[in-house]
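First up is the structure itself, then whatever we jot down about it.
We name chains A, B, ... by the order of the sequence lines, and we start the count at 1 in each one.
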Protein chains: 2
Amino acid sequence: MATGRTHRPATRSRGIPEATVARLPLYLRALTALSERSVPTVSSEELAAAAGVNSAKLRKDFSYLGSYGTRGVGYDVEYLVYQISRELGLTQDWPVVIVGIGNLGAALANYGGFASRGFRVAALIDADPAMAGKPVAGIPVQHSDDLEKIIQDNGVSIGVIATPAGAAQAVCERLVAAGVTSILNFAPTVLSVPDGVDVRKVDLSIELQILAFHEQRKAGEEAAASDGGAPTAAARSDSADQGPDGDMPAVMPA
Amino acid sequence: MATGRTHRPATRSRGIPEATVARLPLYLRALTALSERSVPTVSSEELAAAAGVNSAKLRKDFSYLGSYGTRGVGYDVEYLVYQISRELGLTQDWPVVIVGIGNLGAALANYGGFASRGFRVAALIDADPAMAGKPVAGIPVQHSDDLEKIIQDNGVSIGVIATPAGAAQAVCERLVAAGVTSILNFAPTVLSVPDGVDVRKVDLSIELQILAFHEQRKAGEEAAASDGGAPTAAARSDSADQGPDGDMPAVMPA
DNA sequence: GAATGTGAACCCGTTCACAGCG
DNA sequence: CGCTGTGAACGGGTTCACATTC
């Protein structure tokens with residue numbers, strides 16, 4: 001990659017492990033659901049089940065945030081919701097622009113999960129003049145000529161790229177030049193960005209390929225009952241492990 | 001999670017690390033691009049740059065597949081494309097169904113990256129009777145009443161869930177009962193599945209929240225020029241590290 | 001008694017650095 | 001001589017298990 005050496009401890013004071021940060025939204029969602037059902041407290045065990053992790057991991061994660069639980073009791077739901085929200089920076093408003101309003105861009109614009117978490121779709125941008133002015137999810141699409149102005153007028157620091165692969169790098173550069181420092185990239189390309197800009201990548205095709213790998217392996221195992229010793233009759237496919245707990249992809253710096 | 005203990009070595013014979021598997025599609029994409037430009041060979045350095053990883057990692061990754069390179073020269077592009085495709089199981093045809101044909105489902109149906117990698121959208125399924133028969137991406141939408149039959153008739157083992165969160169678990173159970181063993185879930189819910197079924201999760205809102213966390217941290221650091229010792233003038237925000245190389249989320253077992 | 005919080009052990013993945021080979 | 005392939009060192013994350021606290 002461009003600048004591999006950047007393992008700067010940065011804010012060593014509040015060093016929350018990346019893996020933990022990545023799970024906080026999961027906990028937050030589970031907690032929000034509990035909150036809506038007016039559940040006052042949860043144990044690490046219950047919450048972990050709801051979030052799909054194990055309880056030891058959850059407790060360790062929370063320990064990085066501070067001691068927000070009560071021994072013998074559990075965690076106060078409302079309090080935790082607040083603490084995690086604050087930690088993630090969701091107590092403030094994040095204006096977001098989506099560039100590339102095709103099916104995917106439209107899906108993102110309509111996605112309810114944004115608004116509910118402090119994200120506000122400040123603008124939709126597309127290169128097609130025919131789209132300009134058309135409302136999508138109640139927001140009029142603007143032409144990409146005005147990208148820089150839109151970013152600046154709205155104080156946008158997070159951009160979503162949902163353009164075709166070919167346009168992504170150029171869009172990315174314009175976003176960055178205009179002041180965007182975090183990018184969520186749906187285009188199947190490796191974006192290169194200067195230091196200080198975060199890029200996260202979501203790639204549908206990659207996810208499917210990973211599934212295919214495991215799927216193939218399952219099929220293979222079924223046939224290859226050669227090693228185990230289990231008699232043919234017992235050659236159930238359920239031996240395949242259901243995916244390890246932590247994985248990685250999705251991210252992609254520089 | 002439901003069944004944590006499943007760390008079965010399974011195919012210990014061909015044990016390719018998960019982290020490596022997750023990167024193979026990345027390499028494959030870069031290689032495909034090179035192949036289209038008729039580039040005959042690449043060095044680990046070049047390919048790594050194109051894929052956005054460092055060369056040591058790439059070489060280590062390839063070493064798990066076998067010794068496909070030539071010392072002093074590099075890797076044969078075509079040969080590697082084939083080997084990786086085979087390893088990922090992309091040399092065979094994977095019929096896929098997409099359930100939930102809203103904006104997102106439609107975006108997925110139209111996504112070109114599928115067809116090009118051995119995936120074939122075998123059917124689109126939606127619960128809305130009004131959608132039935134309507135073509136999306138050239139494929140007529142079918143009603144979810146027929147889900148089981150569709151799965152079986154097409155020999156589908158991979159399902160994509162793009163329904164609202166509330167419907168996801170029910171759809172998931174029907175898919176699994178009908179024989180699907182790999183699921184790509186776009187609904188913001190934790191799916192619980194029996195052993196032997198793989199679930200991968202893509203969650204837009206989570207990705208944004210992770211970005212927000214880092215974004216907030218950047219802003220905080222800018223202000224807190226208290227510790228470093230660098231004089232005020234040098235308080236550039238570019239100190240923020242551009243995201244670690246490997247991350248995790250996106251996956252979610254049971 | 002019940003559940004949190006955490007040091008220590010463990011495991012997986014990354015990086016280093018160089019031996020091995022064309 | 002160049003670049004691959006890999007053992008060894010390193011580091012982060014997960015799990016264990018138990019002391020701690022309500």
In whole angstroms, the gap separating P of D:dT4 from CG of B:L80 amounts to 11 Å
Subject >> Between B:R86 and B:T91: side-chain donor-acceptor atoms closer than 3.5 Å >> reply: no
Check your understanding: Is the shortest side-chain N/O distance from A:R59 to OP1 or OP2 of D:dC16 below 4.0 Å?
Key -> no
What residues 67-75 of chain A contributes to the DNA chain D interface at heavy-atom separation below 4.0 Å is A:T70, A:R71
Sequence neighbours excluded, the answer for side-chain hydrogen bond (donor to acceptor under 3.5 Å, both in side chains) partners of A:Y82 is none
| said: With a 3.5 Å distance limit and no angle check, can you tell me whether B:E46 reaches the backbone of B:S43 through a side-chain donor-acceptor pair? | reply: yes
When rounded to whole Å, the CG to P distance for the pair B:L58 and C:dT15 reads 12 Å
Using a 3.5 Å cut-off and no angle test, enumerate the donor-acceptor pairs between side-chain atoms of residues 65-73 of chain B and protein atoms at least two apart in sequence or in another chain.
| residue | atom | partner | partner atom | Å |
| --- | --- | --- | --- | --- |
| B:Y68 | OH | B:L65 | O | 3.2 |
| B:Y68 | OH | B:Q83 | OE1 | 3.1 |

note: B:D61, atom CG; C:dT14, atom P; distance rounded to Å ~ 7 Å
- Message: Quick check on D:dG5: is either OP1 or OP2 less than 4.0 Å from any side-chain nitrogen or oxygen of B:K60?
- Response: no
To the nearest angstrom, the OH-P distance between A:Y27 and C:dT4 comes to 13 Å
**Message:** Do A:L80 and A:Y27 make a side-chain contact, defined as non-hydrogen atoms from C-beta onward lying under 4.5 Å apart?
**Reply:** no
Separation of D:dT4 atom P from B:D76 atom CG, nearest Å, is 13 Å
Which donor-acceptor pairs under 3.5 Å do side chains of residues 30-41 of chain A form with protein atoms, sequence neighbours excluded?
| residue | atom | partner | partner atom | Å |
| --- | --- | --- | --- | --- |
| A:T32 | OG1 | A:L28 | O | 2.7 |
| A:S35 | OG | A:E78 | OE2 | 2.7 |

Would you say A:N54 places a side-chain N or O within less than 4.0 Å of OP1 or OP2 belonging to D:dT15? yes
Review point. When you measure from the side chain of B:T20 to the backbone N and O of B:I16, does any donor-acceptor pair fall under 3.5 Å?
Key: no
When rounded to whole Å, the OH to P distance for the pair A:Y64 and C:dG7 reads 10 Å
Salt bridge (Lys or Arg N to Asp or Glu O under 4.0 Å) test vs A:D203 passes for just one of B:R29, B:R200, B:R117, B:R23, namely B:R29
Overall bend of the helix from C:dG1-D:dC22 to C:dG22-D:dC1 (five pairs an end, 10° steps) is 0°
### Query
If you draw a 6.0 Å radius around CD in B:E45, do more than 12 non-hydrogen atoms from other residues or ligands fall strictly inside?
no
Strictly by modelled atom types, are A:Q169 and A:T189 linked by a side-chain donor-acceptor pair under 3.5 Å? no
Next item on the list: Please confirm whether the backbone N or O of B:A187 pairs with a side-chain atom of B:K201, one donor and one acceptor, at under 3.5 Å?
Entry: yes
From NZ of A:K57 across to P of D:dG12 the rounded distance in Å is 17 Å
Taken to the nearest whole Å, CG/B:L47 to P/D:dG5 is 12 Å
In numerical order, the residues of residues 36-44 of chain A whose heavy atoms come under 4.0 Å of DNA chain C are A:S43, A:S44
(Q) Can a donor-acceptor pair be found, under 3.5 Å and without considering hydrogens, that links the side chain of B:W94 to the backbone of B:G89? (A) yes
Closest to the side chain of A:E18, out of C:dT4, D:dG13, D:dG5, is D:dG13
